[in-house]
Amino acid sequence: MIDKINAIRAELAAIASEGAAADVEALRIKYLSKKGAISALMNDFRNVPAEQKREIGQALNELKNYATDTINALREASAAGAAKSDAPDLTRTAAPLRTGTRHPLSLVREQIIDIFRRLGFTIAEGPEIEDDWHVFESLNFPADHPARDMQDTFFIGRNPDVLLRTHTSSVQTRVMTSQKPPIRIICPGRVYRNEAISARAHCFFHQVEALYVDRNVTFADLRQTLLYFAREMFGPQTEIRLRPSYFPFTEPSAEMDISCNLCGGKGCSFCKGTGWVEILGCGMVDPNVLESCGINSKEYTGFALGMGIERITNLKYQVKDLRMFSENDVRFLEEFTSAH
């Protein structure tokens, strides 16, 4: 036993003479852990004859103290060496680099897309500069519809056939004219309308629209899709209601409200005491739209829905001024550091 104690002490002395060790933690495990060399000697101590217990016990304690002191000294030497290697890098910029954040509209856009992806929808995109047929005519807008006035739409030059798209429904018509059903797409993108900029309106904003065309698609499919989306986006307790409405490209049409996520539907200033907040429009695709895109309306049906990303972002983060989304105020954007 004494020989083993002396051998371990000699090993530790040799290591200490070399200075800082590469892996101090490995040395601690080797000698001082529960399964280490010194613990093994402690376990063998019960087999030592009674007349030697005093001498060997004292030697074991001294060995353990010596090992502890040696390993602590090596750890301090290693830390000092590491500190020296952390000398300032003169090639670095003088000011610390601040990490960026995701824009709140990007965060909500990706969350919406992710929800619909889980339902089997794929992303479809189209140009922001469009023609009248894809934006209006194919979507059943009559020639005298107010949306075709210059007061509502940005036209390019003097050509009444070229304009900035007013909705991403133009992407739906592009897909329906180039792809046979079944069609299940989601269309995110920026749209433009000739409106005065204020806290509640802007001349450009962002939309996400969804389209599902197949055999035997019903309004019940639309309602269940909306309910799933609302509860995934705003929480499992969210309720929805559909109110009859009118859109040229859907029949029947509806606007969807969700139970206010601030007051839980009890009524507050945000929902104007009603307990409900409008978030999107929807409906069954009008047969005229299907036929104009080359799809047999007697064989196929479909539903469409669309929402403003700014509107959903307002509901999630209570941003009351739409202008903040496009002013790039760093103080505002830094509020979303922990959201991505």
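Ser178 meets the side chain to side chain contact (heavy atoms under 4.5 Å, CB included) test with no other residue; sequence neighbours excluded. Thr218 meets the side-chain hydrogen bond (donor to acceptor under 3.5 Å, both in side chains) test with Asp221; sequence neighbours excluded. A search for salt bridge (Lys or Arg N to Asp or Glu O under 4.0 Å) contacts involving Arg241 returns Asp257, not counting sequence neighbours. Checked against side-chain hydrogen bond (donor to acceptor under 3.5 Å, both in side chains), Arg215 has the following partners two or more places apart in sequence or in another chain: Glu299, Tyr300.
Looking only at side-chain heavy atoms (C-beta outward), Phe141 and Glu137 stay at 4.5 Å or farther from each other.
In the hydrophobic clustering, Val191 connects to Phe205, either directly or through intervening members, whenever side-chain heavy atoms lie under 4.5 Å apart.
Taking the charged nitrogens against the carboxylate oxygens, Glu130 and Arg174 do have a contact shorter than 4.0 Å, which makes a salt bridge. Using a cut-off of 4.0 Å between Lys/Arg side-chain N and Asp/Glu carboxylate O, Arg311 and Glu278 are scored as not salt-bridged.
Not less than 6.0 angstrom separates the ring centroid of Tyr317 from the ring centroid of His103.
Between Phe303 and Phe121, the angle of the ring planes lies from 30° to 60°, which puts this pair in the tilted group.
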Tabulate below the donor-acceptor pairs under 3.5 Å that side-chain atoms of residues 286-294 make, not counting sequence neighbours, or state none.
residue, atom, partner, partner atom, Å
Asp286, OD1, Asn288, N, 2.8
Glu291, OE2, Ser297, N, 2.9
Glu291, OE2, Ser297, OG, 2.7
Ser292, OG, Ser138, O, 3.0
Ser292, OG, Asn288, O, 3.3
Ser292, OG, Val289, O, 2.8

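To the nearest 0.5 Å, atoms CD1 (Ile258) and CD (Glu239) are separated by 11.0 Å.
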